[in-house]
Amino acid sequence: MRVRDLPLSAAVIDHFESRGIEELYPPQAAAVEAGVCEGRRLVAAVPTASGKTFVATLAMLTADGPGLYIVPLRALAREKYETFSALPGVSVGISTGDFDERATELGDHDIVVATSEKVDSAIRNGADWIADLACVVVDEVHLVGSEGRGPTLEVTLATLGRRAPGVQIVALSATVANPDELADWLDAGLVQSTWRPVDLRTGVYAAGRVGFDSEASKTPRAAGDDGTERDVSVPGDPADATDATDALVTEAVDDGGQALAFVRSRREAETLAERLAAADLGSSPEVADEIRGLDGTETGRRLADCVEGGVAFHHAGLRSAHRVAVERAFRDRELKAICATPTLAAGVNVPARRVVVRDQKRYTGSGMEWLPTLEVHQMCGRAGRPHLDPYGEAVLVGDETTRDELWERYVEAGPERVDSKLADPNALRTHVLSVVASDFAASREGVLDVLDATFFAHGTPTSELGGVVDTAIADLVEMGMIVDEDGLAATDLGAQVSRQYVTPETGARVVDGLRTATGMATVTGLTALEIVCDTPDMQDTYLGNRERADMYQFAQDHADEFTTRMGETEDFEGWLTAVKTARVLYEWTEGASAEDLVERFRIGPGDLESRIERAEWLLGAADAIASVVDADAAVPFRERRARL
DNA sequence: AGCGCCCCAATCTAGACAGCATGTC
DNA sequence: CTAGATTGGGGCGCT
């Protein structure tokens with residue numbers, strides 16, 4: 001099937017053909033046969049980089065009206081925004097928390113790219129552009145199975161069907177065990193394929209040898225490759241995972257390729273990058289200068305030093321500007337290798353010839369746990385750059401004792417199932433409130449009726465949700481966010497909480513803080529920050545053992561400014577970490593430099609950045625909540641927010 | 001006394017979405 | 001319930 005035979009404008013066909021895209025990939029052709037161009041709903045469960053974006057483009061351009069492209073990450077939103085903007089004669093808008101356009105203008109575009117939470121928020125607040133949508137593409141739908149954000153996605157898709165009846169839904173999924181159930185739920189056709197534009201070989205390394213899967217026999221082999229097993233010369237100890245990783249990365253780079261190494265922790269990513277950079281895999285002085293120019297942070301300097309040697313590290317402790325610079329430089333082949341934590345597994349397109357997964361376990365608070373198959377598959381899926389590499393190679397580093405288990409778990413095993421997490425009481429409380437506050441339902445039955453369109457209800461009779469919904473309603477009534485007389489209705493507080501997009505628990509914490517503050521003699525900026533940081537919507541900041549005593553002292557010194565009495569908390573540890581976050585942000589608003597804070601509180605520059613951003617949102621929300629709460633305390637939320 | 005090394009024990013551990021309404025150099 | 005890398009300090013021996 002050829003691009004020129006598709007029902008697209010001549011300009012768009014030229015656009016694709018000028019980029020060498022003439023023939024459809026098999027999964028794309030299957031999508032066309034399944035009717036993507038005729039408004040048919042579709043679930044496409046195919047590997048990354050097998051042309052999902054093209055299928056999405058087809059659906060949105062052939063739909064009879066505007067299209068919405070939902071992504072899970074801001075970085076992805078930006079990437080897709082740029083991709084779609086390159087299409088001739090297509091107007092594209094973007095809506096994420098950090099980059100927003102006026103809602104009225106969003107309706108003017110042919111395509112809008114947005115994060116799932118932003119769409120949820122738009123639906124809750126009755127944005128009118130939602131009702132006009134003809135096509136909605138959901139990227140990474142398998143995330144409905146993720147604990148925190150999955151319920152939001154499924155409720156969004158369920159309510160979207162109400163606001164825009166008859167929309168074409170095109171859901172793009174990683175390969176999972178039960179894509180048919182997703183398709184059933186969305187009343188969509190299913191296209192399933194494992195086809196990739198570049199072959200992928202997955203192998204397990206142990207004791208100086210890599211054993212590859214049977215895919216290898218289908219591909220032309222590198223010189224010296226004698227079959228499905230290959231020796232790797234490891235300078236150092238072949239039994240040492242880091243020495244082996246070093247050798248595997250170096251080998252790929254010497255061979256003219258690029259490599260991606262995945263490790264467990266941030267620190268290990270940095271250590272490995274420094275080690276590889278010391279061996280000088282290449283040099284990128286311009287990129288190093290670019291990174292050095294971003295900030296005067298210790299982390300930034302170390303990153304720039306590594307980049308001098310052609311290697312970068314990548315994790316969430318980096319500022320987003322650092323991450324963007326590293327990703328761009330790697331894509332433009334100005335870097336030879338990236339050592340990363342799992343940040344890079346999902347997200348923006350950063351393909352490499354070889355992927356080395358050194359660590360397959362992760363600390364979870366109660367010990368080490370194997371990474372989910374899907375996550376490791378996503379890491380491995382980064383191997384193979386179309387048009388640049390003859391094939392992609394992914395190597396899991398193990399030893400004789402783990403070889404077989406790695407093989408079974410990640411090479412042979414199929415992917416995991418996706419299952420709804422909506423039954424979680426916290427998730428349900430949030431969504432029951434939003435359904436009531438946005439007038440989707442005015443009774444218990446109404447709520448159940450809305451939830452009937454969720455993935456959860458598809459697998460389980462809604463009656464099973466009845467009990468959990470009842471407790472959610474009771475909780476919300478007790479929190480003063482809903483009244484249950486003669487039907488359900490949101491109170492002013494409940495409406496504000498839903499509109500501000502904070503969880504009911506956050507709203508309750510703010511209300512509680514305001515009440516306590518009313519009786520306090522000293523209410524300061526620190527008070528405002530303490531309330532907001534003690535909220536479940538604020539991410540907590542790691543409190544090291546060595547800092548604990550100092551933080552305890554700080555908490556005591558400022559006890560009269562806090563809405564929490566030190567002796568009366570159930571979760572003192574949790575509160576103390578909130579105090580740390582509040583203290584960092586307080587110093588920031590009082591003029592401390594990022595360099596100073598990062599050093600003194602042992603946090604990454606990216607951690608500081610994200611906390612500032614979040615505090616900005618939460619202080620604004622707290623201020624809005626304060627305006628509907630009957631409390632006289634003047635907590636300076638707005639003043640602190642202005643200082644951020 | 002000063003320095004270097006080794007061993008044991010303490011320390012530490014991935015990621016990341018979201019509001020709203022204007023004045024402003 | 002399920003770990004493993006890194007760091008820091010103390011002790012010890014050598015010069």
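Chain naming here is simple, since letters A, B, ... match the order of the sequence lines and numbering starts at 1 in each.
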Note to self: Under a 4.0 Å threshold between the charged nitrogen and the carboxylate oxygen, would A:Asp550 count as salt-bridged to A:Arg600?
What the structure shows: no

Notebook entry, point to check: Quick check: are there more than 12 heavy atoms from other residues, nucleotides or ligands sitting under 6.0 Å from CZ of A:Phe572?
Noted result: yes

Notebook entry, point to check: In whole Å, what is the span from the CE atom of A:Met538 to the P atom of B:dC17?
Noted result: 15 Å

Item checked: Separation of B:dC17 P from A:Leu76 CG (nearest whole Å) -> 10 Å

Checklist line | Any residue meeting side chain to side chain donor-acceptor pair (under 3.5 Å) with A:Ser627, in chain and number order, not counting sequence neighbours | finding: none

Next item on the list: List for me each residue that meets side chain to side chain contact (heavy atoms under 4.5 Å, CB included) alongside A:Ala321, sequence neighbours excluded, and say none if there are none.
Entry: A:Leu294

Next item on the list: Take the protein atom CG of A:Leu344 and the nucleotide atom P of B:dA16, then report the distance between them rounded to whole Å.
Entry: 10 Å

Notebook entry, point to check: How does DNA chain B look in dot-bracket form if you count Watson-Crick and G-U pairs under 3.5 Å, write [ ] for pairs that cross, and put | where a base pairs with another strand?
Noted result: |||||||||||||............

Checklist line | B/S/- contact track for nucleotides 5-13 of chain B, protein heavy atom under 4.0 Å | finding: ------SSB

Next item on the list: Determine the interatomic distance between P on C:dC1 and the same-named atom on B:dA16; round to the nearest Å.
Entry: 30 Å

Margin query: Does B:dA18 have its OP1 or OP2 closer than 4.0 Å to a side-chain nitrogen or oxygen of A:Thr115?
Written below: yes

Check: Partners of A:Arg362 by side chain to side chain contact (heavy atoms under 4.5 Å, CB included), sequence neighbours excluded?
Finding: A:Pro342, A:Leu371, A:Pro372, A:Glu375

Next item on the list: Could you tell me which residues satisfy salt bridge (charged side-chain N to carboxylate O under 4.0 Å, His left out) with A:Glu82, sequence neighbours excluded, listed by chain and number?
Entry: none

Next item on the list: In whole angstrom, give the distance that lies between atom CD of A:Glu375 and atom C1' of B:dA14.
Entry: 8 Å

Next item on the list: Take the protein atom CD of A:Glu140 and the nucleotide atom C1' of B:dC17, then report the distance between them rounded to whole Å.
Entry: 15 Å

Check: Would you say C:dG4 has OP1 or OP2 under 4.0 Å from some side-chain N or O of A:Arg362?
Finding: no

Check: Who are the side chain to side chain contact (heavy atoms under 4.5 Å, CB included) partners of A:Asp512, not counting sequence neighbours?
Finding: A:Arg509, A:Thr516

Notebook entry, point to check: Checking all strands, does A:Glu268 fall into the base, sugar-phosphate, or nothing category for heavy-atom contacts under 4.0 angstrom?
Noted result: sugar-phosphate

Item checked: Nearest-nucleotide comparison on DNA chain C, the residue closer to the 5′ end among A:Thr242 and A:Gly367 -> A:Gly367

Notebook entry, point to check: Within this structure, what is the CG-to-C1' distance between A:Asp139 and B:dC17, rounded to whole angstrom?
Noted result: 15 Å

Let me have the donor-acceptor pairs involving side chains of residues 635-644 of chain A, under 3.5 Å, with sequence neighbours excluded, atom names and distances please.
{"from": "A:Arg638", "atom 1": "NE", "to": "A:Asp623", "atom 2": "OD2", "distance (Å)": "3.1"}
{"from": "A:Arg638", "atom 1": "NH2", "to": "A:Asp623", "atom 2": "OD2", "distance (Å)": "3.2"}
{"from": "A:Glu639", "atom 1": "OE2", "to": "A:Arg643", "atom 2": "NE", "distance (Å)": "2.7"}
{"from": "A:Arg640", "atom 1": "NE", "to": "A:Thr589", "atom 2": "OG1", "distance (Å)": "3.3"}
{"from": "A:Arg640", "atom 1": "NH2", "to": "A:Thr589", "atom 2": "OG1", "distance (Å)": "3.1"}
{"from": "A:Arg640", "atom 1": "NH2", "to": "A:Glu590", "atom 2": "OE2", "distance (Å)": "2.4"}
{"from": "A:Arg641", "atom 1": "NE", "to": "A:Glu616", "atom 2": "O", "distance (Å)": "3.0"}
{"from": "A:Arg643", "atom 1": "NH1", "to": "A:Thr589", "atom 2": "O", "distance (Å)": "3.4"}

Notebook entry, point to check: Partners of A:Glu117 by salt bridge (charged side-chain N to carboxylate O under 4.0 Å, His left out), sequence neighbours excluded?
Noted result: A:Arg149

Next item on the list: Scan for salt bridge (charged side-chain N to carboxylate O under 4.0 Å, His left out) pairs involving residues 494-503 of chain A, sequence neighbours excluded, and state none if there are none.
Entry: none

Check: Going by an N to O cut-off under 4.0 Å, is there a salt bridge joining A:Arg74 and A:Glu613?
Finding: yes

Next item on the list: Grab the CG-P distance between A:Leu318 and B:dA14 for me, whole Å please.
Entry: 12 Å

Next item on the list: Can you tell me, in whole Å, how much space there is between the P of B:dA14 and that of C:dT7?
Entry: 14 Å

Notebook entry, point to check: Base, backbone or nothing for each nucleotide of nucleotides 19-25 of chain B, written B, S, -, heavy atoms under 4.0 angstrom, 5' to 3'?
Noted result: BB-B---

Note to self: Checking A:Arg301 now: which residues fulfil side chain to side chain contact (heavy atoms under 4.5 Å, CB included) with it, not counting sequence neighbours?
What the structure shows: A:Glu298

Next item on the list: Can you tell me the distance, in whole Å, between the CZ atom of A:Arg614 and the C1' atom of B:dG15?
Entry: 10 Å

